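Reading through the structure tokens given below for one structure.
Keep in mind that this is a model prediction, so the values were computed, not measured.
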There are 2 protein chains.
Amino acid sequence: MRRAPLTRERVLAAALELADAGGLESLSMRKVATALGVEAMSLYNHVANKEDLVDGLVDLVFAEIDLPVPGAPDWKGEMRRRAVSVREVLNRHRWAVGLMESRMRPGPANLRSHNAVMGCLREAGFAFRAAVHASSLLDAYIYGFALQEASLPFDTAQDHAEVVEAKQAAVPDLTPFPYLVEVFTEMARAGYDYATEFAFGLDLILGALERAQTK
Amino acid sequence: MRRAPLTRERVLAAALELADAGGLESLSMRKVATALGVEAMSLYNHVANKEDLVDGLVDLVFAEIDLPVPGAPDWKGEMRRRAVSVREVLNRHRWAVGLMESRMRPGPANLRSHNAVMGCLREAGFAFRAAVHASSLLDAYIYGFALQEASLPFDTAQDHAEVVEAKQAAVPDLTPFPYLVEVFTEMARAGYDYATEFAFGLDLILGALERAQTK
DNA sequence: ACCTGAACACCGTTCAAGT
DNA sequence: ACCTGAACACCGTTCAAGT
């Protein structure tokens with residue numbers, strides 16, 4: 001059985017699968033190689049090093065984001081759709097949350113994404129600095145929310161209620177923290193819906209940005 | 001020269017210094033031990049493992065945050081002061097940004113911090129769910145902003161303009177991304193002040209939360 | 001009770017050698 | 001041109017042995 005020739009794309013695809021399954025810390029050159037039926041050193045013919053491999057992975061993640069359309073009539077709708085897409089994408093690739101904004105060598109999908117966001121805001125009438133404000137604020141919220149959401153341990157597929165319960169179990173005595181008692185009991189009782197929570201903050205921010213723009 | 005006996009506090013202090021200097025990836029049990037003039041295995045008498053050590057570090061970071069006071073007359077001022085403090089603290093400990101919300105064993109300073117935030121909002125008249133919304137939104141923004149800000153490479157003390165320039169240098173051709181050309185040229189010309197940018201988003205969110213509460 | 005030497009199962013990366 | 005074996009300088013963690 002002849003095996004397919006190694007390419008950068010095949011290396012990245014295998015690495016993405018590993019990272020999605022076990023997180024960044026379970027991603028090693030040696031494991032990627034094993035997954036491809038090859039020795040670790042062979043990978044260096046297709047990626048410069050691990051940093052370069054991660055750069056490639058992050059751009060694959062950027063490529064999954066649904067882009068806003070510059071010039072579309074409803075800028076809030078465009079920014080909203082894109083924000084929801086970023087959250088979904090980062091839920092599929094939780095290991096990527098902390099890496100999206102830190103690439104020193106942004107890939108084409110990364111550039112395309114930032115260009116589309118700025119373009120959509122500028123064409124909607126935002127002045128340059130106002131567009132920077134809006135884009136920076138929205139990204140901070142989206143990435144920060146994804147960070148909260150992604151912070152479950154990697155090997156488990158627990159839901160939020162279970163995680164809250166496990167955290168509470170690790171606390172020896174809650175009596176000095178009365179307001180947290182309320183949080184723990186309410187969360188256990190009524191649960192917590194990330195999608196709803198995300199939409200609340202997103203619409204609050206979009207509304208405030210609109211008011212600030214037209215004011 | 002007799003050396004001071006090892007304690008959990010001394011282990012954590014040495015580890016904090018290492019992480020602040022070189023980031024998480026330069027923090028190893030062996031290096032912490034070397035810094036303390038001891039063998040790596042000795043640390044295990046004072047921390048359960050590396051995870052436990054990181055838990056301890058994160059709680060040291062939480063302990064540096066200036067807490068809001070439940071019942072204080074100006075809740076916006078309290079939340080603002082605390083948000084600014086979190087940003088400052090995370091600028092001193094950039095390695096911590098991604099770890100603050102992911103601890104499965106929250107330490108006492110962590111609990112105190114969340115308790116104070118919820119307490120301040122509840123005493124200001126926020127209904128329970130509204131307080132959860134507000135706290136979740138504010139933390140998402142703060143951590144997300146800190147994530148953007150922390151994403152410079154660890155070994156350098158570059159400012160934002162230099163980083164933007166370096167990123168641009170890594171892009172072969174910007175012509176397909178006209179809106180990014182504007183960003184790169186404006187950033188190089190007029191710079192970018194993180195503190196101002198942070199305050200803009202923070203005040204926009206606090207204002208919108210106030211309107212949503214009294215509406 | 002606390003510290004350590006040796007060992008195990010891992011890492012990323014290099015380099016010269018193979019095909 | 002691409003793949004690999006051996007090697008180097010690292011990891012976290014265990015366990016039995018020292019004091």
Heavy atoms under 4.0 Å, any strand shown: does Leu27(A) hit a base, just sugar-phosphate, or nothing? sugar-phosphate
Compare the minimum distances between each of dC2(C), dG12(C), dG12(D) and the side chain of Asn45(B), then state the nucleotide with the smallest one. dC2(C)
Looking at residues 52-60 of chain A, who's got a heavy atom less than 4.0 Å off DNA chain C? none
Looking at Ala15(B), is its backbone amide N or carbonyl O close enough to the side chain of Lys31(B) to form a donor-acceptor pair, meaning the two atoms are under 3.5 Å apart? no
How close or far is atom C1' of dT4(D) from atom CD of Glu39(A), stated in whole angstroms? 6 Å
Quick one: salt bridge (Lys or Arg N to Asp or Glu O under 4.0 Å) partners of Glu197(B), sequence neighbours excluded? none
Round to a whole Å and report the spacing from CE of Met29(A) to P of dT4(D). 14 Å
Round to the nearest Å and state the distance from Glu25(A) atom CD to dG12(C) atom C1'. 17 Å
Please give, in whole Å, the distance from dT14(D) C1' to Lys50(B) NZ? 18 Å
Glu64(A) versus His93(A), side-chain donor and acceptor atoms under 3.5 Å: yes
Taking only residues two or more places apart in sequence or in another chain, which ones pass side-chain hydrogen bond (donor to acceptor under 3.5 Å, both in side chains) with Asp139(A)? Arg82(A)
Is Ser42(A) close enough to dT4(D) that one of its side-chain N or O atoms is under 4.0 Å from OP1 or OP2 there? yes
I'd like to know if Asp20(B) and Arg92(B) make a salt bridge, using a cut-off of under 4.0 Å between side-chain N and carboxylate O. no
Return the set of residues passing side-chain contact (heavy atoms from CB on, under 4.5 Å) with Ala131(B) (not counting sequence neighbours), or none when no residue passes. Met118(B), Leu121(B), Arg122(B), Phe126(B)
Write down the distance between NE2 (His46(B)) and P (dA1(C)), rounded to a whole number of angstrom. 13 Å
Of the listed nucleotides dT4(C), dC3(D), dT13(D), the one nearest the side chain of Val38(B): dT4(C)
Filtered N/O pairs between nucleotides 7-9 of chain C and protein, under 3.5 Å:
none

Leu43(B) CG to dT4(C) C1': how many Å, rounded? 12 Å
NZ/NE/NH1/NH2 to OD/OE distance under 4.0 Å, Glu51(A) and Arg105(A): no
Does a side-chain N-to-carboxylate-O contact under 4.0 Å join Asp59(B) and Arg112(B)? no
Salt-bridge test for Arg87(A) and Glu149(A): reply yes if a basic N is under 4.0 Å from a carboxylate O, no otherwise. yes
Strictly below 4.0 Å: does Tyr44(B) bring a side-chain N or O up to OP1 or OP2 of dT13(D)? yes
Treat a base pair as Watson-Crick or G-U wobble with both distances under 3.5 Å, then lay out DNA chain C in dot-bracket form, 5' to 3', with | for cross-strand pairs. ||.|||||...|||||.||
Can you tell me the distance, in whole Å, between the CG atom of Leu6(A) and the P atom of dC3(D)? 5 Å
Taking the six-membered ring where the residue is Trp, are the ring centres of Tyr141(B) and Tyr141(A) under 6.0 Å apart? no
Provide the distance between the two C1' atoms, one in dC10(C) and one in dC8(D), to the nearest whole Å. 15 Å
Send over the distance from Glu51(A) CD to dC11(C) C1', rounded to a whole Å. 16 Å
Salt bridge flag under 4.0 Å for residues Arg103(B) and Asp55(B): yes
Upstream residue (5' side of DNA chain C) when Ala48(A) and Ser26(A) are each assigned their closest nucleotide: Ser26(A)
Residue pair Glu186(B) / Tyr192(B), side-chain donor-acceptor N/O under 3.5 Å: no
